[in-house]
Amino acid sequence: MAIGTFAAIDVGSYEVSMKVFELSKKNGLKELNDVRYRLELGKGAYNSGRLDIDMMEKLCGILMDFQRIMKEYGVTEYRACATSAFRELVNSIIVVEQIYQKTGIRVEILSNAEQHFLGYKSIAAIETGFKKMIQKGTAILDVGGGSLQVSLFDKDALVTTQSLKFGSLRIRERLKELEKSNTHYEELVEEFIRNDLTAFQRLYLKDRDIKNVILMGDFLAETIFKGANQDQIFTKEEFFDTYTKVVNMSNIDLAEAMDVEQESASLIVPTMIVIKDFLELFNAESLWAPGVSLLDGIAYDYGEKKKYIKSVHNFENDILVASRNIAKRYSSGKNHIQGTTDIAVAIFDSMKKVHGMGSRERLLLQIAVQLHDCGKYISMGDVAACSYSIIMATEIIGLSTEEREVIASAVRFNTAEFVYFNAMRAEYGMDRERYLLIAKLAAILRIANAMDRSHYQKVKSMKAVLKDKELQLIIDYNKDISLELGLLDDKIAFFEEVFGIRLVPRRKRLA
């Protein structure tokens with residue numbers, strides 16, 4: 001039986017941590033060690049956008065210690081991820097390079113959407129509890145040091161995920177001077193976050209009935225809720241009883257009661273206030289604090305990719321559903337999107353031997369189709385540029401910033417004139433691999449979109465057959481498709497330029 005040893009490292013806003021796991025197909029994930037160091041990287045990052053030399057030395061020292069531990073456990077692979085503190089550094093690339101040169105550890109800066117998707121995976125890994133919980137309207141709250149992520153589920157489907165910039169460390173740092181002269185700190189925090197909460201309610205909670213809240217992260221699970229009950233599920237009343245006790249305690253008293261450092265204790269109250277306000281906003285009935293963290297999500301993701309773990313939950317579908325809801329927000333045509341998706345996927349699947357793309361690129365193509373018309377919400381005359389701007393400004397859970405740029409660019413070049421490599425590199429700093437992927441996705445999207453130019457879904461089905469250096473599109477239709485075929489010529493020329501094969505539409509009229 002193959003057994004692997006893997007380390008997950010989280011360079012967070014107020015803590016640097018590592019878990020070592022043993023992985024096997026028989027037992028899945030087994031945690032071997034959990035190491036944590038208190039280090040408030042967020043202080044410098046959020047205030048000045050930089051880490052001072054002393055902080056860098058401390059961080060590198062911690063990572064060197066992690067190197068030593070990994071060797072002791074015979075770790076063969078690791079993944080080190082940094083989150084919001086590193087995202088806000090003005091010199092993040094320089095910092096990551098310094099860390100690598102001093103420690104040999106390559107740190108990956110996660111986008112917000114990637115970070116919270118991995119966190120979400122750590123909860124979904126508890127399959128029985130998660131599956132049962134999301135049958136009713138459910139929200140996942142991830143209160144980090146720099147930001148808060150809230151994800152909404154409705155009938156087992158991920159509806160939306162949004163990031164709000166009021167993490168516990170950010171709140172503490174912004175309000176620390178005002179706290180000294182204010183006897184009701186909780187009211188101060190609530191005023192500070194009220195506007196964002198109101199906006200979130202107005203935009204995303206219409207007709208949403210949220211019964212359950214899942215609390216992401218192990219910070220409160222290992223302090224406030226530690227040992228409270230076996231399943232870590234609390235009623236709203238039980239949470240409010242705990243809340244009332246906590247907010248009236250000083251940081252010194254909290255540190256002593258929870259057996260944590262005072263700096264850690266100072267984050268408990270702002271975190272509890274945020275959770276309380278969301279429970280009230282949702283009018284939720286229960287709270288589940290399973291005590292999982294980003295580290296568990298990183299390991300779960302690795303286990304999935306290496307086929308140690310087979311999840312019963314379809315995470316790819318979550319990304320597609322979230323994209324579909326973004327398209328719905330911008331009033332994109334549902335029937336047109338579905339018809340265009342069917343054609344695009346048929347072309348993609350028939351050309352695997354030609355295009356060299358895999359399942360991840362197939363997913364990006366489907367998302368591009370979902371969002372290709374979103375710019376019409378802003379301007380009917382400049383759809384390409386507006387669509388690009390919307391996609392680049394919108395978080396799509398599970399996607400990196402680079403993947404989002406690929407999708408936005410493919411959508412842009414669906415209707416705009418294609419920009420070739422030298423010009424694209426000069427304007428966007430595009431590398432060769434992403435440039436080629438954009439060209440391939442745009443070429444397929446152009447054909448698929450053109451086949452429903454009238455938005456009447458005249459093509460009832462289409463079969464794409466690759467023969468030698470010719471791709472035949474066998475089109476079943478029941479209405480006149482002269483418009484679609486007549487406007488296809490320039491799309492075909494670009495397709496043939498990108499893939500180096502002929503594309504031949506063949507009609508097959510339905511009776």
Q.
Between Ile123 and Trp288, is there a side-chain heavy-atom distance shorter than 4.5 Å?
A.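 Counting from C-beta outward, Trp288 and Ile123 do come under 4.5 Å.
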Atom [atom1] in [X], atom [atom2] in [Y]: separation rounded to 0.5 Å?
| X | Y | atom1 | atom2 | result |
| --- | --- | --- | --- | --- |
| Ile447 | Lys491 | CD1 | NZ | 8.5 Å |
| Leu295 | Asp34 | CG | CG | 7.0 Å |
| Ile268 | Arg172 | CD1 | CZ | 12.0 Å |
| Leu23 | Tyr300 | CG | OH | 12.0 Å |
| Ile214 | Ile233 | CD1 | CD1 | 9.0 Å |
| Leu287 | Phe278 | CG | CZ | 13.0 Å |

How are the rings of [X] and [Y] set relative to one another: parallel (under 30°), tilted (30 to 60°) or perpendicular (over 60°)?
| X | Y | answer |
| --- | --- | --- |
| Phe200 | Phe282 | perpendicular |
| Phe348 | His355 | tilted |
| Phe494 | Phe418 | tilted |
| Tyr435 | Phe421 | tilted |

Q: Assess whether side-chain hydrogen bond (donor to acceptor under 3.5 Å, both in side chains) is satisfied between Asn212 and Ser286, documenting all intermediate values.
A: CA-CA 5 Å; Asn212 306 310; Ser286 65; 2.8 Å; yes
Main-chain N/O of [Y] paired to [X] side chain as donor or acceptor, under 3.5 Å:
| X | Y | value |
| --- | --- | --- |
| Asp296 | Ser293 | yes |
| Ser122 | Leu294 | no |
| Asp10 | Ser17 | no |
| Glu238 | Thr235 | yes |
| Arg87 | Ile109 | no |
| Tyr73 | Val20 | no |
| Thr138 | Lys136 | yes |
| Gln67 | Thr103 | yes |
| Arg446 | Phe413 | yes |
| Glu114 | Ser111 | yes |

**Q.** side chain to side chain contact (heavy atoms under 4.5 Å, CB included) between Arg79 and Asp301, worked out
**A.** CA-CA 10 Å; Arg79 186 177 182 186; Asp301 184 67; 3.3 Å; yes
(Q) Apply side chain to side chain contact (heavy atoms under 4.5 Å, CB included) to residues Tyr37 and Leu59 and explain how you reach the verdict. (A) CA-CA 9 Å; Tyr37 287 92; Leu59 174 58; over 6 Å; no
**Q.** Name of the residue among Glu403, Glu405, Glu361 meeting salt bridge (Lys or Arg N to Asp or Glu O under 4.0 Å) with Arg434
**A.**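 Between Arg434 and the candidates, salt bridge (Lys or Arg N to Asp or Glu O under 4.0 Å) is satisfied uniquely by Glu405.
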Q | Worked verdict on Thr161 versus Val150 for side chain to side chain contact (heavy atoms under 4.5 Å, CB included) | A | CA-CA 6 Å; Thr161 180; Val150 54; over 6 Å; no
Can you confirm whether [X] is buried at [atom1], in the sense that more than 12 heavy atoms of other residues, nucleotides or ligands lie under 6.0 Å from that atom?
| X | atom1 | value |
| --- | --- | --- |
| Tyr100 | OH | no |
| Leu203 | CG | yes |
| Tyr377 | OH | no |

Q.
Assess the residue pair Val321 and Ile319 against the criterion (side chain to side chain contact (heavy atoms under 4.5 Å, CB included)); give the C-alpha distance rounded to whole Å, side-chain angles, the decisive distance to 0.1 Å, and a yes or no.
A. CA-CA 6 Å; Val321 171; Ile319 300 173; over 6 Å; no
Q. Will you find, in the side chains of Ser163 and Asn112, an N or O donor that is under 3.5 Å from an N or O acceptor?
A.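 Their side chains do contain a donor-acceptor pair, which is all the 3.5 Å distance test asks for.
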Closest non-hydrogen atom pair, [X] against [Y]:
| X | Y | result |
| --- | --- | --- |
| Ser13 | Thr83 | N-OG1, 4.4 Å |
| Ile326 | Glu395 | CD1-O, 4.0 Å |
| Cys374 | Ile391 | SG-CG1, 4.2 Å |
| Leu471 | Ser350 | CD1-OG, 3.4 Å |
| Glu31 | Phe21 | CA-CD2, 3.9 Å |
| Ala284 | Lys236 | O-CD, 3.2 Å |

**Q.** Close aromatic pair by centroid cut-off 6.0 Å: Phe153 and Tyr120
**A.**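 Yes.
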Q) Do Tyr302 and Phe6 make the cut of ring centroids closer than 6.0 angstrom? A)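 Yes, the ring of Tyr302 comes within the 6.0 Å limit of the ring of Phe6, centre to centre.
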**Q.** From CA spacing to verdict: salt bridge (charged side-chain N to carboxylate O under 4.0 Å, His left out), Arg194, Asp196
**A.** CA-CA 6 Å; Arg194 181 175 294 132; Asp196 284 337; over 6 Å; no
Q: May I ask you to say whether Arg170 pairs ionically with Glu88, meaning some side-chain N is under 4.0 Å from a carboxylate O?
A: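 Yes, this pair counts.
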Q: Flag the pair Glu304 and Lys121 as a salt bridge only when some basic side-chain nitrogen lies within less than 4.0 angstrom of an acidic carboxylate oxygen.
A: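 Counted as a salt bridge, because a side-chain N and a carboxylate O are separated by less than 4.0 Å.
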Q: With salt bridge (charged side-chain N to carboxylate O under 4.0 Å, His left out) as the test, would you mind laying out the steps for Glu15 and Arg38 before giving the verdict?
A: CA-CA 5 Å; Glu15 186 177 70; Arg38 180 78 192 181; 5.7 Å; no
Q: Please name the residue in the list Gln115, Gln149, His116 that meets the side chain to side chain donor-acceptor pair (under 3.5 Å) test with Asp142.
A: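 Between Asp142 and the candidates, side chain to side chain donor-acceptor pair (under 3.5 Å) is satisfied uniquely by His116.
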Q: Step by step, work out the salt bridge (charged side-chain N to carboxylate O under 4.0 Å, His left out) result for Arg106 and Glu97.
A: CA-CA 8 Å; Arg106 182 68 73 185; Glu97 178 61 20; 3.4 Å; yes
